[in-house]
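Below is one structure; the comments refer to it alone.
Letters A, B, ... mirror the listed sequences (proteins, then strands); counts begin at 1.
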There are 2 protein chains.
Amino acid sequence: MIKILVIDDDCQMLELICDALEQSGYYVEGESNPLLVDSKRCQQYDLLLLDVMMPVEDGFSLCTRIRDSVDCPILFLTAKTEETALIKGFGLGADDYIKKPFSIGELRARVNAHLRREDRQPNHAMTRGGVRFNMHAKEAVVGETAILLTKSEYAISEYLALHAGQVFTKDQLYEAIFGYDAEGEPSAIAEHIKNIRGKLKTVGLNPIETVWGVGYKWQKENAR
Amino acid sequence: MIKILVIDDDCQMLELICDALEQSGYYVEGESNPLLVDSKRCQQYDLLLLDVMMPVEDGFSLCTRIRDSVDCPILFLTAKTEETALIKGFGLGADDYIKKPFSIGELRARVNAHLRREDRQPNHAMTRGGVRFNMHAKEAVVGETAILLTKSEYAISEYLALHAGQVFTKDQLYEAIFGYDAEGEPSAIAEHIKNIRGKLKTVGLNPIETVWGVGYKWQKENAR
DNA sequence: AGTCAATTTTAAGGATTTTATAAGGACGTT
DNA sequence: AACGTCCTTATAAAATCCTTAAAATTGACT
């Protein structure tokens with residue numbers, strides 16, 4: 001679920017924008033008071049849309065407050081068309097600067113473009129069988145809760161999930177994860193599988209199937 | 001060295017754009033014949049600037065040809081101001097759509113913004129996990145109190161915080177900070193981590209997580 | 001349906017690996 | 001020479017991994 005925060009003191013405009021973005025399928029929150037927006041709150045969103053001219057605090061000031069601790073794209077919306085204002089906006093770390101009056105179509109196209117780029121960023125993640133693997137963080141997440149897997153447990157899960165639907169014997173898994181020269185009983189794999197299942201059971205998942213007489217495989221279908 | 005390719009059949013315009021971007025410190029190549037541009041060539045650049053209306057092949061067609069095999073940002077430059085053309089441009093996977101006549105300042109600002117997002121490098125400061133890094137002064141600050149970190153301690157912290165959420169082995173950290181040719185036991189990293197933790201503990205923070213069997217990572221509070 | 005053998009699951013303990021901590025020495029700078 | 005930083009080493013502590021053996025399950029055969 002992609003979350004967007006729109007900040008504009010003009011409530012009519014705010015509603016217009018929110019409606020347009022919701023039609024694109026995003027979860028959108030509107031905020032008319034910039035003073036209620038701090039960096040901690042912003043970290044929950046995937047994109048911020050910021051009006052520049054607001055009476056209590058302008059968008060530039062708000063952007064300055066939060067930019068350093070916010071990773072997501074920040075887009076300015078403004079009637080100020082002078083070049084200096086635009087350059088100032090980008091200088092503050094903005095990712096786009098949309099001039100009013102803008103068409104709803106353009107707004108949606110630009111928002112889509114920035115979110116798409118985020119996606120393309122190599123954050124090496126995949127979701128299989130309800131479990132999201134973050135390969136950089138070596139972390140498995142189900143919904144909002146992280147599943148604390150040990151190194152081996154994570155490695156086995158990731159390997160199985162990566163090749164979802166394919167069956168592996170215990171020996172194959174042992175070799176794939178610990179190397180061909182590793183010594184030790186492949187039966188240790190069974191122990192890890194048990195622990196993984198136990199941890200995933202706490203969130204109501206059981207994506208690892210036993211293929212009797214052969215080995216294990218990760219469910220291919222996205223069973224929820 | 002950041003490399004940009006500009007494609008425009010109008011040689012006068014081409015030169016103008018190239019000059020402007022070279023002044024921003026980039027290495028810029030201009031190309032007036034879109035037929036000489038293929039996906040292999042494009043993979044060498046960090047950003048592409050594409051004119052839409054060209055006689056032999058228009059920018060949209062060119063973009064379609066290369067988009068799938070090119071990861072870098074693609075920016076359209078065009079006099080076509082109709083909304084449908086703009087939406088079509090974004091639909092093809094463009095990252096920006098700059099309407100002519102544009103100011104040189106705006107062009108540079110937009111190019112800078114897209115490139116900055118690519119390397120994710122904040123230029124001056126960032127706040128991660130409650131710690132603010134002043135990258136010019138090489139100083140870490142929590143709230144109002146400066147944390148006195150040694151050179152190595154600061155370097156490790158900054159590196160981890162910049163890539164918050166990502167796990168690094170001791171070897172990776174050692175190499176990233178002291179260079180691939182540095183000699184010495186990576187276990188020294190553990191010593192530094194201990195000291196950093198000790199200093200951050202005095203202000204009630206502990207942003208460095210141990211990933212058992214793998215390495216260390218800076219906490220990422222960003223929900224996703 | 002019932003029985004048996006093979007296979008998998010589960011459980012628990014000890015062995016192993018990895019990390020945290022502390023102390024000492026090397027190095028360079030002031 | 002004094003100081004701070006960095007690196008190494010040794011030890012203690014923690015967590016994980018592996019092994020073993022018993023219990024449960026599965027599939028096949030009578």
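When the P atom of C:dT18 is taken as reference, atom CD1 of B:Ile193 falls 17 Å away, rounded to whole Å. Computed from coordinates, the A:Leu173 CG to D:dC17 P distance equals 15 Å when rounded to whole Å. In this structure, NZ of B:Lys199 is placed 11 Å from P of D:dG4, rounded to the nearest angstrom. One interatomic measurement links the two molecules: CD1 of B:Ile189 to C1' of D:dT5, which rounds to 14 Å at whole-angstrom precision. One can place NZ of B:Lys217 at 17 Å from C1' of C:dT19, the figure rounded to the nearest angstrom. To the nearest angstrom, P of D:dC17 lies 11 Å from CD1 of A:Ile177. For the pair A:Phe178 CZ and C:dT16 P, the interatomic distance rounds to 16 Å; values are reported in whole Å. In this structure, NZ of B:Lys151 is placed 11 Å from P of D:dC7, rounded to the nearest angstrom.
Looking at B:Lys220 and A:Glu139, no side-chain N of the basic residue comes within less than 4.0 Å of a carboxylate O on the acidic one, giving no salt bridge. Ion pairing between A:Arg110 and B:Asp96 holds under the 4.0 Å rule for side-chain N and carboxylate O.
For A:Glu191, taking side-chain heavy atoms from C-beta onward, the closest of the listed nucleotides D:dT16, D:dT19, D:dT5 is D:dT19. The side chain of B:Lys194 lies closest to C:dT21, out of C:dT8, C:dA12, C:dT21.
The side chain of A:Ser152 contributes an N or O atom lying less than 4.0 Å from OP1 or OP2 of D:dC17. At C:dA20, one or more side-chain N or O atoms of B:Tyr216 fall inside 4.0 Å of OP1 or OP2 (strictly under the cut-off). Distances shorter than 4.0 Å separate none of the side-chain N or O atoms of A:His192 from OP1 or OP2 on D:dT16. Side-chain nitrogen and oxygen atoms of A:Arg197 include at least one within less than 4.0 Å of the OP1 or OP2 phosphate oxygen of C:dT9. For B:Ser187 and D:dT9, the shortest distance from a side-chain N or O to OP1 or OP2 is not below 4.0 Å. Put simply, A:Lys170 has no side-chain N or O that comes within less than 4.0 Å of OP1 or OP2 on C:dT7. The shortest distance between the side-chain N/O atoms of A:Tyr174 and the OP1/OP2 oxygens of D:dC18 is below 4.0 Å.
By the side chain to side chain contact (heavy atoms under 4.5 Å, CB included) test, B:Ala113 pairs with A:Phe90, B:Arg116, sequence neighbours left out.
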Distance-only donor-acceptor hits, side chain of residues 186-195 of chain A, under 3.5 Å, sequence neighbours excluded:
from	atom 1	to	atom 2	distance (Å)
A:Glu191	OE2	A:Asn195	ND2	3.3
A:Asn195	ND2	A:Glu191	O	3.4

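Comparing A:Leu149 and A:Trp212 along DNA chain D, the residue whose closest nucleotide (by nearest heavy atom) sits nearer the 5' end is A:Leu149. DNA chain C is contacted by both B:Val211 and A:Thr210; A:Thr210 maps to the nucleotide lying nearer its 5′ end (nearest heavy atom per residue).
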| task | Show the numbers, then the answer: is there a side-chain contact (heavy atoms from CB on, under 4.5 Å) between A:Phe133 and A:His124? | result | CA-CA 8 Å; A:Phe133 291 88; A:His124 283 268; over 6 Å; no
